[in-house]
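Data first, discussion second: the structure below is written as structure tokens.
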Amino acid sequence: MALKESLSMELEPVAPFNFKLSVHKPAGWWWSTPYELFQDETLWTAARLGGDLLGLKLHSVGTLLKPKLSCAVYSKNSLSDKEKIHLTETLSRALRINEDLCDFYSMAERDEILREVVHDLYGLRTTAWPELFPALILVLTLQMAPWKRSSEMMDLLLKNYGDDVNFDGKTVRYWPSPGKIAALTVEELRSKAKLGYRARNLSSIAKELNGGFPSMEDLYVMDPEEAKEKLMTLRGIGEYSAELISPRMGFPLDVWSAKIFNVLFFKKETDSPRGSIPDLKKTAEKHWGEWRGHVFTYILNDLPKISERMGVDLTKF
DNA sequence: GCGTCCAGGTCTACC
DNA sequence: GGTAGACCTGGACGC
């Protein structure tokens with residue numbers, strides 16, 4: 001049954017704000033689910049509020065320098081005032097509506113690597129996950145796997161246990177709830193989603209989230225270091241994963257990105273990408289300080305153009 | 001066709 | 001506190 005429109009609102013992001021670059025990133029990352037649809041400056045996607053599925057239709061009605069977003073929310077039942085406020089706050093946080101990038105851009109203008117990158121991607125907001133569980137599924141499946149295999153694991157989870165959200169003439173496949181995954185056996189997750197050793201970790205995480213683990217909103221208002229430490233109490237979530245999904249992103253280097261940043265920093269490939277991670281993290285912190293998470297997102301979404309300018313293929317890794 | 005290696009990390013045991 | 005070694009699975013590679 002199709003969901004009905006239950007809330008309509010407008011959001012006015014701090015300029016500059018490029019809607020397309022922010023929710024439909026050049027490197028191919030989705031905002032909420034891999035099955036969301038993006039056409040003509042409109043995003044049809046989904047989310048969960050409490051346990052209920054929502055359809056979201058986000059449309060840019062402004063410009064880069066005078067941005068405005070029209071947001072329509074579709075649900076099975078009407079939303080209470082409290083739910084409407086909660087949803088508005090979640091959308092504002094996850095779209096980084098109030099984030100002012102002025103200081104980042106000022107810093108970038110003085111930086112040899114970043115100067116042209118921020119021109120390429122002017123107005124792009126960094127990754128901010130609408131919900132915690134899908135972000136945790138992503139980082140668990142990224143571990144120790146080539147992208148193709150990670151993608152296969154996520155797809156099997158979505159197809160076997162996810163939900164279809166029907167609204168506005170569209171259907172968007174959305175992630176399973178923690179409760180649904182928590183009810184499955186580790187053996188089933190291992191075989192049906194081909195998760196391997198990750199099945200035990202995902203099962204444990206689903207049970208934690210089902211049992212009252214802080215939400216993304218709770219983590220957002222915590223001290224960034226405290227939020228990271230909290231995430232790392234989850235089984236299978238280490239420093240890399242916690243930094244990648246933390247509401248205030250760190251510099252989440254893995255083997256793939258370490259190879260790229262070695263070439264950017266030191267102009268050469270490394271024989272030991274994993275071993276180089278601590279040094280790269282220190283260099284990034286010294287070089288870019290609190291903006292290193294933004295640098296991470298901007299650079300990894302601009303690899304083709306950076307490669308062209310440097311004469312080195314950074315997309316091959 | 002078959003064996004081996006290793007990938008967009010994390011945990012544990014051991015020193 | 002530092003660090004090998006194990007961990008699912010499947011594609012790449014050498015033979």
Side-chain angles (χ1 to χ4, degrees), chain A residues 25-30 34 126-127 129 132-161 181 184-209 213 227-246 249-265 269-282 284 292-293 295-304 306-307 312-317:
Chain A
K25 292 202 163 46
W29 294 104
W30 57 89
T126 52
T127 303
W129 310 98
L132 183 57
F133 192 50
L136 286 162
I137 291 175
L138 171 71
V139 293
L140 274 187
T141 55
L142 280 178
Q143 293 170 8
M144 279 298 283
W147 171 248
K148 192 177 172 191
R149 175 148 156 65
S150 301
S151 192
E152 183 186 24
M153 289 187 270
M154 283 186 271
D155 211 40
L156 286 168
L157 283 168
L158 279 156
K159 284 186 174 152
N160 288 325
Y161 309 113
I181 296 299
L184 302 171
T185 63
V186 171
E187 289 66 33
E188 178 170 351
L189 280 173
R190 189 189 294 265
S191 60
K192 285 203 177 167
K194 297 188 182 178
L195 287 175
Y197 73 90
R198 304 167 195 82
R200 189 176 298 279
N201 296 347
L202 184 61
S203 175
S204 167
I205 286 173
K207 285 170 185 154
E208 286 280 340
L209 264 61
F213 191 84
K228 182 176 152 186
E229 297 287 330
K230 187 69 191 171
L231 285 166
M232 286 174 69
T233 63
L234 294 170
R235 184 189 168 102
I237 299 300
E239 189 172 5
Y240 157 76
S241 301
E243 287 197 0
L244 189 59
I245 59 181
S246 172
M249 198 170 89
F251 199 70
L253 285 171
D254 49 23
V255 166
W256 168 70
S257 49
K259 287 177 185 169
I260 292 165
F261 279 97
N262 265 290
V263 176
L264 283 174
F265 281 148
E269 293 184 29
T270 174
D271 293 334
S272 172
R274 201 178 292 284
S276 71
I277 288 175
D279 274 349
L280 286 172
K281 286 174 89 87
K282 279 184 204 155
R292 61 194 185 283
V295 174
F296 187 86
T297 301
Y298 268 71
I299 284 183
L300 296 183
N301 277 288
D302 202 31
L303 293 179
I306 299 172
S307 300
V312 178
D313 184 11
L314 295 172
T315 64
K316 68 179 179 183
F317 296 115

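Numbered from 1 within each chain, the chains take letters A, B, ... in sequence-line order.
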### Nearest-Å distance once atom P is located in both C/dC13 and B/dG8
13 Å
### Summary
note: A/Leu136, atom CG; B/dG9, atom P; distance rounded to Å ~ 16 Å
### Task
Measure from the side-chain heavy atoms of A/Ser241 and tell me the nearest of C/dC8, C/dG10, B/dG9.
B/dG9
### Message
Mind checking if A/Leu234 touches a base, just sugar-phosphate, or nothing, with heavy atoms under 4.0 Å?
### Response
sugar-phosphate
#### Entry: Selection from B/dG8, C/dG10, B/dG9 that lies nearest to any side-chain heavy atom of A/Glu152
C/dG10
### Query
Taking atom P of B/dA7 as reference, at what distance in whole Å does atom CE of A/Met153 sit?
15 Å
### Query
Using the P atom in both, what is the distance from B/dT4 to C/dA6, to the nearest Å?
15 Å
### Query
Side-chain donor-acceptor pair under 3.5 Å between A/Asp254 and A/Ser257, yes or no?
yes
### Query
Would you call A/Lys316 and A/Glu269 a salt bridge, taking side-chain N to carboxylate O under 4.0 Å as the test?
yes
### Query
What is the distance, rounded to the nearest whole Å, between atom CD1 of A/Ile260 and atom P of B/dG8?
10 Å
### Query
A/Lys194 side chain N/O closer than 4.0 Å to the phosphate oxygens (OP1, OP2) of C/dC8?
no
### Task
Could you tell me the separation between the CG atom of A/Leu140 and the P atom of C/dT9, rounded to a whole number of Å?
16 Å
### Query
C/dG10 and B/dC11: how far apart are their C1' atoms, nearest whole angstrom?
23 Å
### Length of the CD1-C1' vector between A/Ile277 and C/dG2, whole Å
17 Å
### Query
Base, sugar-phosphate, or nothing for A/Ile237, non-hydrogen atoms under 4.0 angstrom?
sugar-phosphate
### Message
Whole angstroms only, please: what is the CG-C1' distance between A/Leu142 and B/dG9?
### Response
10 Å
### Query
Is the A/Trp129-A/Trp29 ring centre distance short of 6.0 angstrom?
no
### Query
Is there a Watson-Crick or G-U wobble partner for C/dC13 with both distances under 3.5 Å, and which nucleotide is it?
B/dG3
### Task
Could you tell me which nucleotide pairs with C/dC7 by Watson-Crick or G-U wobble geometry, both distances under 3.5 Å, or answer none if nothing does?
B/dG9
### Query
Between A/Glu243 and A/Lys281, is the closest basic N to carboxylate O distance under 4.0 Å?
yes
### Query
Where each residue is assigned the nucleotide of DNA chain B containing its nearest heavy atom, which of A/Arg235 and A/Trp256 is assigned the position nearer the 5′ end?
A/Trp256
### Message
Nearest to the A/Trp147 side chain among B/dG8, B/dG9, C/dC8, which nucleotide is it?
### Response
B/dG8
### Message
Would the base of B/dC11 count as contacting A/Arg200 through its side chain, where contact means a donor and an acceptor less than 3.5 Å apart?
### Response
no
### Message
Nearest to the A/Met144 side chain among B/dT10, C/dC7, B/dG8, which nucleotide is it?
### Response
C/dC7
### Task
Run the salt-bridge test on A/Lys228 and A/Glu239 with the 4.0 Å N-O cut-off and return the result as yes or no.
yes
### Task
Please determine, for the side chain of A/Val255, which listed nucleotide (C/dG10, B/dG8, B/dT10) has the closest atom?
B/dG8
### Query
How close or far is atom C1' of B/dC11 from atom CG of A/Leu202, stated in whole angstroms?
17 Å
### Query
Is a salt bridge present between A/Lys194 and A/Glu152, judged by a nitrogen-to-oxygen distance below 4.0 Å?
yes
#### Entry: Polar side-chain contact A/Arg274-B/dG9 base: donor and acceptor under 3.5 Å
yes
### Message
Once side-chain contact (heavy atoms from CB on, under 4.5 Å) is applied, do any residues pair with A/Ser246, and if so which ones, sequence neighbours excluded?
### Response
A/Leu231
### Query
Where the side chain of A/Lys148 is concerned, which of C/dG11, B/dA7, C/dT9 is the nearest nucleotide?
C/dG11
#### Entry: Separation between the C1' atoms of C/dG5 and B/dC5, rounded to whole Å
16 Å
### Task
For A/Arg190, answer base if it contacts any base atom (sugar-phosphate contacts may also be present), sugar-phosphate if it contacts only those atoms, and nothing otherwise; contact means non-hydrogen atoms under 4.0 Å.
sugar-phosphate
### Query
Rounded to the Å, how far apart are A/Leu280 CG and B/dG9 P?
14 Å
